[in-house]
Amino acid sequence: MSTPEEKTPTDFIRTIIQEDNNTGKHDGRVHTRFPPEPNGYLHIGHAKSICLNFGVANENPGGLCNLRFDDTNPEKEDVEYVESIKEDVKWLGFDWDDREYFASDYFDQLYEFAVALIKKGKAYACDLPADKMREYRGTATEPGKPSPGRSRSVEENLDLFERMKNGDFQEGEYVLRSKIDLASPNFHMRDPVIYRVRHVHHHRTGDKWCIYPMYDYTHCISDSIEQITHSICTLEFEDHRPLYDWILDELEVFHPQQIEFARLNMTYTVMSKRKLLELVQGNYVSGWDDPRMPTICGMRRRGVTPESLREFCKTIGVTKFNSMTDKVVLENCMRDHLNQVAPRVMGVLNPLRVVIENYPEESTEELEAINNPNDESAGTRKVPFSKVIYIEKEDFMEEPPKKFFRLSPGREVRLRYAYFVTCVDVIKDDSGEVIELRCTYDPDTKGGNAPDGRKVKATIHWVSEPHAVDAEVRLYDHLFKTRDPEDLPDDVDYKTNLNPDSLQVLTNCKLEPCLRDAEVGSRFQFERLGYFCVDHKDSTREKPVFNRTVTLRDSWAKVEKQIQNQPKKK
RNA sequence: UACCCGGUAGUGUAAUGGUAGCACAGCAGAUUUUGAUUCUGCUAGUCAAGGUUCGAGCCCUUGCCGGGUAACCA
């Protein structure tokens, strides 16, 4: 068996870095950064970026990756997000050591650089209101018009900028703009705004500043200050690269290379922070860490392991073309890892009572069960068995179709690690619903083997009634019912694609007794059902709560579908 | 519309100008005290047309299709 994380992926970014190493561009130095804005929780798309940036650093001798918070827009940002981001990056398995930076740490330097730009005649204060500025910027086919402030003297600009900083102006009254090229076909070069006035409190600098630098201006300088060699970002910043380069060239400072890659899109979910925020605030989900969310904390709560998330990021690769990754790829990674590490247990989600008529009344046996067939060192455990047990409702059919191998009247099946049992009677309530089964067992088949060599076609799981732990189990399905929830006409809201059945809560589940002491966050395979994880928020010893991380592969479900689709022919 | 970027099996990705490979999905079979896992086999691809070349997925031209940008957000 191959360990999941041995072969390093290759992609165009790693190729660029390799070439730079070969030519000695940065003396063999590789320094990246992961630069989230602290205005929301990290999601699986960020995981892709984290794995790329930290991964590249880890693969190169002496490589480093900084964690930098891009906190230049105080209106949307908060320390709550800073803390969650740090927790998520750590949980994913990456370490930035002491290299934790904030763009806001550079506000003083950024200010001085802006002054330098003004002195060079490359920046000016502009008092055009926002709508006028848009108008002056021109169109795709017409160049922009110079704003009246464009011809101001250096001295005036210096004075105006200082007064902006001192709070002499209202928001929107003045901005600082770079002086580049109003006729550029690239709108980002038509004198973009680099500072705006905002009289708001910043979560780190407090009320020290009332002017805040814009992203384009801040990001390249932050990269430069931190001696970043490769500044990796997503595709939508391609058009910003000329501006990134222009600023650093004008300032004549260390010049990192910006490289863009395609962000992750995944089926049955949305990835934009705005939409995820909306789902949280509108109570469409229980919070950022709702297990249906594509957020890192949501997936953590659901039971996804960091190993499988990293493996997923490796699998999807890094390219420049927009793609839609199928969610089953993620699920495959989840199963792959959980299959290796998750202990097996038995749990009945939809219990059906079974009385074993010929089993002694007060007797209890301890049967030996294997904890993990893929890991011998996981050992075995004892599972109690008694006269009354629960089995899964789905494991019984009164009138079974041909390919149904499980229990039905008169049929014999194996109870895993226990005995062969045969159904001898079906008890129904007034409405005709099956509420109890009567079975007999064969004492010679203890442990699950028949001395006479006879075979059964099915082995089913079970839980002893007097020993059962009552639990709540939450089953999750896609958050959205369509593969691409955002693929809609302009006038239709994506929320109409929300899947009304994405959460199913089962409150009458019966679990084997060892699960009473399961630690919060621990993960198990409920045999024949899937992987489950103890919910870290709502689970208590008295009332355990489990989240289903992912189901097992289910080839029976396919057969079942075929049967349903085939019209019964006589 | 202008500018920028991109198009390789169903999906996601590989291939110094030299045999188009891998994974997931799908299909078929073997093993199985989980209809799981594991194993074996199969299916299926270079957007189009020209050009350069002994040879093009890769280089050039044109077209087609898809995405991005046109915030005092990042």
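Keep in mind it's a predicted model, so treat the numbers as computed, not measured. Reckoned from all heavy atoms, side chains included, excluding hydrogens, waters and symmetry mates.
Proximity of A:R483 to the phosphate of B:U11: no side-chain N or O atom is located under 4.0 Å from OP1 or OP2. Remark: A:T315 is not in phosphate contact with B:U13, judged by side-chain N or O atoms under 4.0 Å from OP1 or OP2. Look at A:T319 and you'll find a side-chain N or O under 4.0 angstrom from OP1 or OP2 of B:U13. A sub-4.0 Å separation between OP1 or OP2 of B:C73 and a side-chain N or O of A:T72 is absent. For A:R414, no side-chain nitrogen or oxygen approaches OP1 or OP2 of B:U32 to under 4.0 Å. Close to B:C4, at under 4.0 Å from its OP1 or OP2, lies no side-chain N or O of A:K320.
No hydrogens or angles were tested; on distance alone, a donor-acceptor pair under 3.5 Å links the side chain of A:D239 to the base of B:G68. Checked by distance alone, A:R344 brings a side-chain donor or acceptor within 3.5 Å of a matching partner on the base of B:U34. On a pure distance criterion of 3.5 Å, a polar donor-acceptor pair joins the side chain of A:R406 and the base of B:G35.
Taking the 5.5 Å centre cut-off and the 30° plane limit, the aromatic side chain of A:F321 is not classed as stacked on B:G67.
One finds a salt bridge joining A:R14 and A:D11 here, because a Lys/Arg side-chain nitrogen approaches an Asp/Glu carboxylate oxygen to under 4.0 Å.
Candidate nucleotides B:U34, B:A71, B:G35 were compared by shortest atom distance to the side chain of A:K403, and B:G35 ranks first.
Between A:R190 atom CZ and B:C72 atom P there is a gap of 14 Å when expressed in whole angstrom units. Atom CG of A:L277 and atom P of B:A74 are 16 Å apart (whole Å). The distance between atom CZ of A:F237 and atom P of B:C73, rounded to the nearest whole Å, is 14 Å. B:U1 atom C1' lies 16 Å from atom CG of A:N186, rounded to whole Å. Nucleotide B:C24 holds its P atom 14 Å from the CZ atom of A:F312, rounded to whole Å. The nearest whole Å value for the distance from the OH atom in A:Y531 to the P atom in B:U34 is 13 Å. As rounded to whole Å, 13 Å separates atom P of B:G35 from atom CD1 of A:I391.
Between A:C210 and A:N166, the shortest heavy-atom contact is SG-C, 4.4 Å. Shown here for A:T549 and A:C533, the closest heavy-atom pair between the two residues is OG1-CB, 4.0 Å. Between A:K327 and A:T267, the closest heavy-atom pair is N-OG1, 2.8 Å.
Note that CZ of A:R68 and CZ of A:F102 are 12.0 Å apart. Values are rounded to the nearest 0.5 Å. Note that CZ of A:R548 is 5.5 Å distant from CZ of A:F532, once rounded to the nearest 0.5 Å.
Within the 4.0 angstrom heavy-atom criterion, no nucleotide atom of any strand lies near A:R241. At the heavy-atom level, A:G448 lies under 4.0 Å from base atoms of the strands shown. Note on A:L552: a base of the nucleic acid sits closer than 4.0 angstrom, heavy atoms only. Looking at heavy-atom distances under 4.0 Å, A:L243 makes no contact with the nucleic acid at all.
Taking the C1' atoms as reference points, B:U13 lies 15 Å from B:G6, given to the whole Å.
In terms of position along RNA chain B, the nucleotide closest to A:T325 lies nearer the 5' end than the nucleotide closest to the other residue of the pair A:T325 and A:A458. With RNA chain B read from its 5' end, the first of the two nearest nucleotides for A:Q525 and A:A140 is the one closest to A:A140.
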